[in-house]
Amino acid sequence: MSKLIVAITTVALLLGASGGVFAAENSAKEREQKTKETVAMSQAVYEDLTEIQELIEAKDYASAQRLIDDLKGKKGLTPYELAQIWNITGYSYYLQEKYDQAIRAYDQVMAQPDLPEALQQSTLKTKAQLQFTQEDYEGALVTVRELMRVVSEPSADVMMLEGQALFQLARYDEALKPIKGAIDMYREQGQVPKENWLLLLRVIYFEQKDYDSMIDVVRELIVYYPKDTYILTLAGIYSELGDTKKQLALTEALYESGLINTSSHITNLANLYLLHGLPYKAATLLETEMDDNIVEANERNLRLLSQAWYQAREDEKAIPPLKRAAEISNDGELYVRLAQAYINLEQWEEAAAAVQQALKLGGRKRNDTANIMLGMALFNQKRLEQARRAFQVAANDNRSERAATQWIAYVDSEIKRRELMTQDAPEYQARERSELEEIIEKQD
């Protein structure tokens, strides 16, 4: 009879679905006594269950169900035998992805009296996992807590099930205790916490904005499950904490190791270079990656490249990407920035053309400043009357009236000086003599 008991126990654990065997507090003698009292199964029922299991494994579910129905109709079945019949029924429905029916079958298992603790545990755990599959997290939480009442000391797996249910219900503060407890239990047992457990803990700390604790979890992920995504996550946490120096160091290390190769990560690194006063590194990074078609040469990235070159005091290199960005976007503001870059290089004709394009596109908040720039560009081309008109338009805005008026006065003086310089010298001298003679005559 002892061999039959061992065989039946093995089948029961196999049919009880996924999950480990929970630790029991009973002594070996108590477990043996309990088994003798509750695990009672006839040879005939055992053979029927074995045949049913073979049909299920062969995916002949219809034949298996007919045998199950016949078996249920037999008289004199013990509660344990009924439990195992419902257990294998639930297993069959589970494999067929008939989860509602599987859950009802496992409820029938639990309805039988005097079940072995191991069978209760495996049944409740399987039911909870099915409820997770159906996204019935409230139901899963109820089942898991029923399981925890059955288990004298819940294992880390059971504690984690409770934490996962609470997490899915967005009850993050409540979820923290069982999840952290399960991870701590694993550590105390000398085991490495599971990756998905650490990820859950990380998300909870994120939801609680506990970034310092989150850093510790991510560091542990990097040690046990090294991935570049975790290093990026760590860099992001440092960003949240305002520690952009560590963020830059981590991001740069990832790039140099070839672990960063997406446009968003590269532009993020370029922005970090700019933030920390390294515009030349930002510019060369962006230009290299644009040439390799990793970073798209779109308006935003071209503006960033131009800004990097400008901050690096490479005005000539700043112009081409800014010009391309302006042409792509038809944004008047970009054309004004382009004009400023040309003015810095004293390329007056190009500056005037850029400002004129900006004014033509419209939509700017400060046309007065654009007209001041246009006047300066025209003035430096000796187009004084046109420059004066630009300054006159700028003067209509109170914000630029003073500067524009000063420019107008200066332009007027230059116009007068130009007129004087272009007059014929002999005629000018003759007029002076004539005026002088008139004065003298009047004095006489």
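Source: prediction; values computed, not measured.
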Verdict with reasoning, Glu385 to Arg418, per salt bridge (Lys or Arg N to Asp or Glu O under 4.0 Å): CA-CA 12 Å; Glu385 285 78 12; Arg418 183 191 61 187; 2.5 Å; yes

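- Checking Leu302, Leu361, Leu334 one by one against Ser329, the side chain to side chain contact (heavy atoms under 4.5 Å, CB included) holds for a single residue, Leu334.
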Working for side-chain contact (heavy atoms from CB on, under 4.5 Å), residues Tyr230 and Tyr225: CA-CA 9 Å; Tyr230 296 147; Tyr225 307 99; 4.2 Å; yes

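- For the 3.5 Å distance criterion, the side chains of Ser63 and Arg66 qualify, holding a donor opposite an acceptor.
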Step-by-step side-chain contact (heavy atoms from CB on, under 4.5 Å) determination, Tyr106 to Tyr91: CA-CA 9 Å; Tyr106 288 123; Tyr91 180 58; 4.1 Å; yes

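- Here Tyr238 pairs with Arg219 under the side-chain hydrogen bond (donor to acceptor under 3.5 Å, both in side chains) rule; sequence neighbours left out.
- Tyr186 is linked by a ring pair (Phe, Tyr, Trp, His ring centres under 6.0 Å) to Trp197, counting only residues two or more places apart in sequence or in another chain.
- Judged as a side-chain hydrogen bond (donor to acceptor under 3.5 Å, both in side chains), and not counting sequence neighbours, the contacts of Glu162 are Arg145.
- Gln120 places a side-chain N or O within donor-acceptor distance of the main-chain N or O of Leu115, the cut-off being under 3.5 Å.
- No side-chain heavy atom of Tyr255 sits less than 4.5 Å from a side-chain heavy atom of Asn261.
- For CZ of Phe206, the number of neighbouring non-hydrogen atoms (other residues, nucleotides, ligands) closer than 6.0 Å is 12 at most.
- Residues Asp243 and Lys246 meet the side-chain proximity criterion, which asks for heavy atoms closer than 4.5 Å.
- Side-chain contact annotation: Asn268 with Asn271, donor-acceptor N/O pair under 3.5 Å absent.
- Remark: the backbone N or O of Met376 is paired with a side-chain donor or acceptor of Asn380 at under 3.5 angstrom.
- Taking a 6.0 Å sphere around CZ of Arg399, one finds it holds more than 12 heavy atoms contributed by other residues, nucleotides or ligands.
- Atom-to-atom distance recorded for Asn371:CG and Asn396:CG is 9.0 Å, nearest 0.5 angstrom.
- The nearest pair of heavy atoms linking Ala370 to Val336 is CB-CG2, 4.4 Å.
- Every residue two or more places apart in sequence or in another chain was checked for a side-chain hydrogen bond (donor to acceptor under 3.5 Å, both in side chains) with Gln112, and none qualifies.
- Side-chain atoms of Gln121 and Glu117 include a donor-acceptor pair closer than 3.5 Å.
- One finds a salt bridge joining Arg303 and Glu299 here, because a Lys/Arg side-chain nitrogen approaches an Asp/Glu carboxylate oxygen to under 4.0 Å.
- Between the side chain of Ser239 and the backbone N or O of Ala235 there is no donor-acceptor pair closer than 3.5 Å.
- Listed by first and then second residue, the salt bridge (charged side-chain N to carboxylate O under 4.0 Å, His left out) pairs involving residues 186-214 are Asp157-Lys194, Asp184-Arg187, Arg187-Glu220, Glu195-Lys227 (not counting sequence neighbours).
- Here the CE-OG1 distance, from Met148 to Thr143, works out to 13.0 Å after rounding to the nearest 0.5 Å.
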side-chain contact (heavy atoms from CB on, under 4.5 Å) evaluation trace for Thr50 with Tyr46: CA-CA 6 Å; Thr50 302; Tyr46 168 69; 3.7 Å; yes

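- The list of salt bridge (charged side-chain N to carboxylate O under 4.0 Å, His left out) pairs with a residue in residues 82-110, not counting sequence neighbours, reads Asp107-Lys127.
- No more than 12 heavy atoms of other residues, nucleotides or ligands sit less than 6.0 Å from atom CZ of Arg324.
- Between Tyr61 and Leu95 the shortest side-chain heavy-atom distance falls below 4.5 Å.
- Interatomic distance, Ile343 CD1 to Met373 CE, rounded to the nearest 0.5 Å: 4.0 Å.
- Considering every non-hydrogen atom in both Ile85 and Ile88, the closest pair reads O-CG2, 3.2 Å.
- Side chain of Gln381 to main chain of Ala377: a donor-acceptor pair is present (N/O by atom type, distance under 3.5 Å, no hydrogens or angles).
- Annotation: salt bridge (Lys or Arg N to Asp or Glu O under 4.0 Å) contacts of Asp60 (sequence neighbours excluded): none.
- You'll find the side chain of Leu374 stays beyond 4.5 Å of the side chain of Phe391, heavy atoms only.
- Defined by atom type and a distance below 3.5 Å, a donor-acceptor pair is missing between the side-chain atoms of Thr251 and His265.
- Distance OG1/Thr123 to CD/Gln108: 12.0 Å, rounded to 0.5 Å.
- Looking at heavy atoms from C-beta onward, Tyr137 lies out of side-chain contact with Gln131 at the 4.5 angstrom threshold.
- Gln189 is linked by a side-chain hydrogen bond (donor to acceptor under 3.5 Å, both in side chains) to Gln191, counting only residues two or more places apart in sequence or in another chain.
- Counting only distance, with no hydrogens or angles, the side chain of Ser400 and the backbone of Asp397 share no donor-acceptor pair below 3.5 Å.
- Between Gln307 atom CD and Leu274 atom CG the span is 5.5 Å, to the nearest 0.5 Å.
- For the residue pair Ala270 and Ala282, the shortest heavy atom distance occurs at O-CB, 3.5 Å.
- Minimum interatomic distance between Ala387 and Gly375 (heavy atoms only, all atoms of both residues): CB-O, 3.4 Å.
- Taking each heavy atom of Ala165 and Phe132 in turn, the nearest pair found is N-CZ, 3.5 Å.
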Chi angles and distances behind the side-chain hydrogen bond (donor to acceptor under 3.5 Å, both in side chains) call for Glu314, Tyr310: CA-CA 5 Å; Glu314 295 280 356; Tyr310 179 77; over 6 Å; no

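- The closest donor-acceptor contact from the side chain of Asn301 to the backbone of Ala297 lies at 3.5 Å or more, if one exists at all.
- With no hydrogens or angles considered, no side-chain donor-acceptor pair links Ser92 and Gln65 at under 3.5 Å.
- Judged by distance alone, the side chains of Asn344 and Gln340 do bring a donor and an acceptor atom under 3.5 Å apart.
- Counting only residues at least two apart or in different chains, side chain to side chain donor-acceptor pair (under 3.5 Å) contacts with residues 403-416 comprise Arg388-Asp412, Glu414-Arg417.
- In this structure, the ring pair (Phe, Tyr, Trp, His ring centres under 6.0 Å) partners of Phe167, at least two apart in sequence or on a different chain, are Tyr172.
- Listed by first then second residue, pairs satisfying ring-ring contact (aromatic ring centres under 6.0 Å, His included) with a partner in residues 279-298 read Tyr280-Trp309, not counting sequence neighbours.
- Closest heavy-atom contact between Gly139 and Asp136: N-OD1, 3.0 Å.
- For residues 279-296, every residue pair satisfying the salt bridge (charged side-chain N to carboxylate O under 4.0 Å, His left out) rule, not counting sequence neighbours, is listed here: Glu252-Lys281.
- Interatomic distance, CG of Leu141 versus CD of Glu146, reported as 12.0 Å (0.5 Å rounding).
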